[in-house]
Amino acid sequence: MILTRRELIAGSAAATGLLYAPAVLGQGKPKVVVIGGGAGGGTAARYLAKDSQGALDVTLVEADPVYTTCFFSNLHIGGLRDFDSLRHGYDKMAAGGVTVVNDRATAVDREARTVTLAGGQVLAYDRLVLSPGIDFVEDSVPGWSLDAAEIMPHAYKAGPQTELLKRMIQAMPQGGTFAMVAPPNPYRCPPGPYERASMVAHLLKQTNPTAKIIILDAKEKFSKQALFEEGWGKYYDGMIEWINPEFGGADVAVRPDSMEVVVEGVAQKVDCCNVIPAQTAGRIAAIAGLTDESGWAPVHPDSMKSRIDGNAWVLGDSSAQGDMPKSAFSANSQAKVAAMAIRAELTGSRLFPAKYSNTCWSLLAPEDGVKLGASYEPNDDRIASVESFISDTGEDAALRRRTYEESLGWYAGITADIFG
Amino acid sequence: MRRCAIPAALSIAVASGAFPVAASEIGDPLRGAELFAEECSACHRIGPGATDATGPRLNGIFGRRAGSLAGFNYSRAMLRMGNDGLRWTLPTLDAYIENPKALVSGTRMAYRGLADAQARGDLMAYLRAYSDRPQDIPEAEPTARASAPVLPGWILALQGDPGFGEYLSAECTTCHQRDGSDQGIPSIAGWPEQDFVVAMHAYRQKLRPHPVMQMMAGRLSEEEIAALAAYFATLE
């Protein structure tokens, strides 16, 4: 008998199915609960529902019925994008077979495999996916707390904070000072604070050209540094001052009541202060007991499965996976690997090797975009960077415009990929 | 020896993986530390607070332009190479350590070279731990070597299989929209298979200039390109 290629494949798929006989022997369809409807959770939920074609019961838990993307929110601050363009609902995801529950998860019982919501509902799961983004480390900037975020916004979770920060910038007096306290590593979107400084400078240049921007930074260097510094010199000459640890950037406190920043013990009055604190995994990851002493959730590099619980996955910013930066692109990439691995366990579908990639675009000024990217592969202990690239300084305006247009295309693409 | 993580457990690969596809480590950083002490430390310092000595400090060497540390008195040859664009990466450092004069003819580094490729890998793994971490500086030099695609036979048998292509396409659809919309990033839906294959190979050979696509195509096998072409051809 001569087997055709198709028959051979069908045979091996069947064998695989036996090997991966659904671990869940209860009644009904296997249940996957996804917590967090952003780039990681949204993508995972949508791909699980789409690719399992009804074989899985997929529930997405997201507090906000309309999600505001943190990526591209700097462009709103710069006046280059309206707020509504950052907002995405879950109608298409629901139409695609995902049960969307607009509530907040407050507890996870990993023994009983249940998630409890603020509204009292209890969801049972066979597999749990956590993609809750970031939370802030209390007291990482002395004098600042979450309560102070109404006076000194972080604007590092997009939404009302983004609009608040923009209003405060617009209300600055002529020649006033905007201060940013930049976060220590690791944090969401490595180039993000510096793109934000560029966009704040662009906004101020129109209406308040003698204003100053100071960035207080505990880091000795940052992502895309040469590109940002070149751009700042070109577009906002003398407006932006980066204060690194050598000049006191690592010894910073704030006084929200008097709108002061204190650098090496010396207080300075400012007119707007953006405090981006140190970060940790979204709270529910710690509540679920899936984080380690680093504050992040360790995962297996070939699947994004938790190293602590074989029935749980952690995606995106909250995960500790190795070399990938915390970005929407990374979370989206990780979610597809996770969705495939979960389907393989629950339905016996085919398992392909994990591949990961990331690209980060940043805008220096209108139509002047730059990017970096890398590809990654899992090895024994981490997701490892195996190739990287970055835009060059001195590129011509046509290439920079093209990079900007490409970033717009990416935004349209990834939001369609996440939300349907 | 801070930050030289020892792979935690071999069980990881067993736990969820079924594939030999994995990035390979540059080398063994512990062995590299011993080599550094034997071969390099007479002239070079590395680690917290390291300063220049007979040779420049090696913190942050990966990604650094040759001859670019302010305050260090480099040879004219090294400065010239830096101005010509030499940057320290895995391949360039490897060549330099193997035979310094092969890369920088007039270098002052009086070192006979390290012939053993494994030893060079170990040494570079040690050095790499003191340069930028990609998690924080994503454009930093890689920390591992990419695997040659080693795929199980049953995947190879799926040549041109749109189902395999659909899985692989998840990586494309982060940017290229499935419905064919074209907003700053071109549509690839409904492309003739041949055109798709030819274009991907042109990126692989870096004949087409786009760095994201060069990177994406660069790690696709022939079979994967065929599967993707088959899938995208089916989209209207």
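All chains are named by letter (A, B, ...) in the order of the sequence lines, taking the proteins before the strands, and each is independently numbered beginning at 1.
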Where do A:N185 and B:Q135 land on the side chain to side chain donor-acceptor pair (under 3.5 Å) test, with the steps shown first?
CA-CA 9 Å; A:N185 291 323; B:Q135 184 190 35; over 6 Å; no

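For A:K221, the parts lying near chain B are the backbone and the side chain together; criterion is any non-hydrogen pair under 4.5 Å. Neither the backbone nor the side chain of B:Q214 comes within contact range of chain A; no heavy atom of the residue lies under 4.5 Å from a heavy atom of that chain. Contact of A:T359 with chain B is made through the side chain alone, with heavy-atom distances under 4.5 Å. Looking at A:F222, only its backbone comes within 4.5 Å of chain B, counting heavy atoms on both sides.
Every residue two or more places apart in sequence or in another chain that forms a side chain to side chain contact (heavy atoms under 4.5 Å, CB included) with B:L90 is listed here: B:I26, B:F62, B:M124, B:R145. Applying the side chain to side chain contact (heavy atoms under 4.5 Å, CB included) test to B:A229 and every residue at least two apart in sequence or in another chain returns B:E193, B:F196, B:V197.
Looking only at heavy-atom pairs under 4.5 Å with chain B, the residue among A:L372, A:D51, A:D323 that has the most is A:D323. For the set A:Y404, A:Y47, A:Y376, the entry with the most heavy-atom pairs within less than 4.5 Å of chain B is A:Y47. Top candidate by heavy-atom pairs under 4.5 Å with chain B, chosen from A:E405, A:K371, A:K336, A:M340, is A:K336.
Closest of all the heavy-atom pairs between B:E171 and A:K355 is OE2-CB, 3.9 Å. Nearest heavy atoms, B:T143 versus A:R382: OG1-NH2, 2.8 Å. The two atoms that bring B:M216 and A:S357 nearest to each other are CE-OG, 3.2 Å, heavy atoms only.
Using a 4.5 Å heavy-atom cutoff, the side chains of B:Y167 and A:S349 are not in contact. Using a 4.5 Å heavy-atom cutoff, the side chains of A:M324 and B:P138 are not in contact.
Residues of residues 383-393 of chain A that come closer than 4.5 Å to chain B, counting heavy atoms only, are A:A384, A:S385, A:V386, A:E387, A:S388, A:F389, A:I390, ordered by residue number. Residues from residues 409-420 of chain A that place a non-hydrogen atom less than 4.5 Å from a non-hydrogen atom of chain B comprise A:G409, A:W410, A:A412, A:G413, A:I414, A:A416, A:D417, given in numerical order.
Note on ring orientation: taking the six-membered ring where Trp is involved, the planes of B:F164 and A:F352 are tilted (angle from 30° to 60°).
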